[in-house]
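The block underneath contains the structure these notes are about, expressed in structure tokens.
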Amino acid sequence: MEMQQFYYDNKIVKKFLYASLLFGVIGMLVGLVLAFMFIFPGLNQDLPWLSFGRIRPLHTNAVIFAFVGNAIFGGVYYSLQRLLKTRMYSDVLSNLNFWGWQLIILSAVVTLPLGITSSKEYAELEWPIDIAIAVVWVIFGINMIMTILKRRERHLYVAIWFYLATFVTVAVLHIFNSLALPVSFIKSYSVYAGVQDALVQWWYGHNAVAFFLTTPFLGLMYYYLPKIANRPIYSYRLSIIHFWSLIFLYIWAGPHHLLYTALPEWAQNLGVVFSVMLIAPSWGGMINGLLTLRGAWDKVRTEPVLKFFVVAVTGYGMATFEGPMLSLKNVNAIAHYTDWIIAHVHVGALAWNGFMVFAIAYWLLPRMAKTELYSKSLANFHFWIGTLGIILYAIPLYVAGFQQHLMWKDFNPDGTLKYGNFLETVTEIMPMYYMRAIGGTLFIIGVLVMVYNLVRTMVPAPAIEDELAEAPALVKISPNRVKGEAFHSWLERKPIQLTVLATVAILIGGIIQIVPTIVVDSNIQTIDSVKPYTALELQGRDLYIREGCVGCHSQMIRPFRSEVERYGEYSKSGEYVYDHPFLWGSKRTGPDLHRLGGKYSDNWHFNHMYDPESTSAGSIMPAYKWLYENKPMDHSEIETKMRVMVKLGVPYTEEDIQNAQASLKAQAMQIEQNLMNDPDFVKSYEASKKAAELKGEEFTPMSDREITALIAYLQRLGTDIKVKK
């Protein structure tokens with residue numbers, strides 16, 4: 001049989017792994033800064049682009065898409081070539097994939113701190129960047145599929161099934177969740193509103209975890225773990241069951257993020273059922289990984305790479321047990337909106353994703369450079385300090401989560417809330433935030449040690465070059481099933497059919513859940529008193545989005561006695577019909593705001609945003625002093641914003657749009673007049689006016705500043721329906 005020679009492209013793998021480690025360090029350091037902001041709220045030094053609400057999405061995007069994303073591409077490009085015995089289809093596409101992805105990451109680094117955001121969790125980037133993501137992702141997919149089609153290996157190994165499912169599903173999720181109408185090059189509104197937007201977002205959000213942070217890593221596990229351990233995968237039959245059941249079930253589970261909310265009950269229950277079922281395929285994958293090490297545990301004692309793999313797969317098992325448990329309504333009632341969820345997410349992110357990336361980097365880079373790792377001792381040190389960091393990060397937040405639940409729901413014998421002031425909870429869990437910061441510091445120390453170890457390994461080593469390989473050409477056989485060939489064996493040599501079936505499997509759940517919620521009106525409660533936001537309130541809402549307030553505050557009161565007593569009447573689906581995007585939130589670092597309107601005076605909000613501790617002693621909320629700057633807010637786009645909203649179904653009339661500037665000014669002037677009721681405000685206002693005159697600056701009335709628009713929005717929240725006081 002004639003052998004064909006070719007070269008594996010190692011250089012593209014090297015570039016992706018280097019980028020992964022670079023952005024991993026940056027993203028984790030930003031996360032550490034965020035952890036310290038809970039302890040020192042003024043850490044941003046009143047700089048808007050360093051405020052918590054703006055850089056939190058920078059941290060999540062950097063870790064998910066820059067650190068993990070680059071590692072996925074690197075791991076896939078290395079393993080795919082060897083599993084298919086061919087070079088990647090196109091070096092040009094490979095490099096477009098690499099440089100396009102880095103430009104997307106850099107655009108996030110620029111736009112998110114500037115407050116250019118859609119606010120949708122894990123999908124915050126604005127519409128031009130969303131289009132770029134789709135284009136680069138399709139480039140990756142074309143390169144992968146064309147490589148499969150020109151392969152020299154007939155059989156498609158299980159890792160490739162997961163790669164294909166990842167490509168198809170992420171494309172579907174990203175495109176449908178990112179549908180928006182642009183207002184400008186840096187601003188858009190989601191085409192979905194309220195309940196529908198929430199369902200689509202968490203269909204995406206949960207499955208971004210499933211199909212970006214899980215399925216590609218399972219594919220990498222199926223390739224790298226047997227390779228490094230030099231053992232065959234424990235059970236190929238189990239891998240078949242694992243793959244098909246996982247991709248079919250996962251797509252249904254998104255609604256478990258919205259239990260007890262205004263989402264229709266049937267959608268919530270579907271999410272619960274399929275989430276509980278997910279434990280079977282998830283643990284099937286974990287068992288398949290760990291049992292692959294049978295007969296190789298002696299290597300685990302001596303090889304740090306295998307240590308990382310063992311903890312990574314164990315972390316996957318822990319997170320995928322906890323996820324279905326958290327989807328149970330009685331458990332969800334305890335955990336949701338608390339720090340328990342933060343702990344849960346980081347067990348998966350730090351152990352499963354982080355340790356898997358570290359293991360692959362430790363193994364691949366020296367291997368491609370044909371050298372040995374500089375120091376196994378340093379790698380072992382990284383393993384132990386990283387493991388300790390995960391423990392010290394997660395356990396305190398689990399404790400904090402239970403503490404929050406117990407205090408939020410504790411009543412006095414007379415029926416009043418025992419801890420009526422939300423800040424009492426915050427004060428109680430501050431020691432846990434100190435511990436979280438210490439755990440994060442230890443984890444990052446381990447990452448820096450790894451970077452040092454790999455630099456000392458790679459700098460003196462030979463440059464990574466493309467690797468010569470040879471394999472016989474693929475001989476054509478009948479496209480039909482041959483006698484005695486099982487269906488799945490046939491499918492494993494038919495990439496197009498495999499991809500089509502995987503696509504069908506992932507579409508079923510999304511269609512059944514999302515389409516009825518959008519097209520069947522009875523899913524959304526109709527409330528006649530709910531009206532669109534005024535021009536000034538719409539501007540204030542956009543400021544709320546820009547500052548990332550949704551990262552710390554929810555706008556969804558669940559039908560629990562404790563929440564109704566604390567915040568007011570529980571939230572109704574019909575109250576959100578004009579919310580593009582929805583702002584229900586997923587974490588309560590601060591109290592829920594859905595019934596905030598009218599609860600406090602304009603002066604209270606004015607003082608609270610300037611100096612939170614002046615109104616709320618012990619608050620860990622940062623100040624937003626840039627909202628008070630002596631410059632007028634830009635209202636030039638308000639008419640365009642309202643016209644876009646009309647296209648989305650918001651019933652603004654042409655008269656509303658034409659009168660937007662006058663309406664906006666009148667409401668702002670009323671808020672300024674309300675502020676004048678406070679002698680301290682008047683005194684400060686007059687002093688700032690004189691100071692501007694002395695400097696020769698033009699003085700901007702308070703009615704024209706950003707804080708006024710934000711106050712207008714906050715005072716509107718929850719006032720559309722009559723509620724019991």
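For clarity, every value in this text was computed on a predicted model and none was experimentally measured. Position 1 is the first residue of the sequence, and the numbers go up from there.
- By the neighbour-count criterion of 12 heavy atoms within 6.0 Å, atom CZ of Phe248 is densely surrounded, having more than that number from other residues, nucleotides or ligands.
- One finds the OH atom of Tyr77 at 7.5 Å from the OG1 atom of Thr147 (value rounded to the nearest 0.5 Å).
- Using cut-offs of 30° and 60° for the angle between ring planes, the Trp252 and Phe274 rings count as parallel.
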Set out, in order, the CA-CA distance, both residues' side-chain angles and the distance that settles salt bridge (charged side-chain N to carboxylate O under 4.0 Å, His left out) for Arg546 and Asp542, then state yes or no.
CA-CA 6 Å; Arg546 185 189 77 184; Asp542 286 342; over 6 Å; no
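- The side chain to side chain contact (heavy atoms under 4.5 Å, CB included) test with Tyr567 singles out one residue from Ile557, Leu596, Leu593, and that residue is Ile557.
- By the salt bridge (charged side-chain N to carboxylate O under 4.0 Å, His left out) test, Asp130 is found to be paired with no residue, residues two or more places apart in sequence or in another chain being considered.
- Applying the side-chain hydrogen bond (donor to acceptor under 3.5 Å, both in side chains) rule to Asp528 yields no partners; only residues at least two apart in sequence or on another chain are considered.
- The CD atom of Gln201 sits 9.0 Å away from the OH atom of Tyr122 when rounded to the nearest 0.5 Å.
- No side-chain donor from either of Glu126 and Thr111 sits under 3.5 Å from a side-chain acceptor of the other.
- Within the model, atoms CE of Met88 and CG of Asn143 stand 4.0 Å from one another, a figure rounded to the nearest 0.5 Å.
- For the ring pair (Phe, Tyr, Trp, His ring centres under 6.0 Å) with Phe73, the qualifying choice from Phe16, Phe212, Phe98 is Phe16, the only one to do so.
- Listed by first and then second residue, the ring pair (Phe, Tyr, Trp, His ring centres under 6.0 Å) pairs involving residues 534-553 are Tyr544-Tyr713 (not counting sequence neighbours).
- Judged as a side-chain hydrogen bond (donor to acceptor under 3.5 Å, both in side chains), and not counting sequence neighbours, the contacts of Ser571 are Tyr576, His594.
- Using cut-offs of 30° and 60° for the angle between ring planes, the Trp202 and His257 rings count as parallel.
- Residues that satisfy the side-chain hydrogen bond (donor to acceptor under 3.5 Å, both in side chains) test with Glu121, not counting sequence neighbours, are Arg56, Ser586.
- Centroid-to-centroid, the aromatic rings of Trp626 and Tyr624 come within less than 6.0 Å.
- Not counting sequence neighbours, the partners of Glu575 by the salt bridge (charged side-chain N to carboxylate O under 4.0 Å, His left out) test are Arg595.
- Within the 3.5 Å criterion, the main-chain N or O of Thr653 finds a donor-acceptor partner in the side chain of Asp656.
- Just one residue in the list Asp579, Asp197, Thr261 forms a side chain to side chain contact (heavy atoms under 4.5 Å, CB included) with Trp584, and that residue is Thr261.
- For Glu124 and Arg54, the salt-bridge test fails: no basic side-chain N is under 4.0 Å from an acidic carboxylate O.
- No option in Val276, Ile279, Val331, Thr320 other than Val331 meets the side chain to side chain contact (heavy atoms under 4.5 Å, CB included) test with Met325.
- In summary, the aromatic rings of Phe176 and Tyr204 are positioned with their centroids too far apart to meet the 6.0 Å limit.
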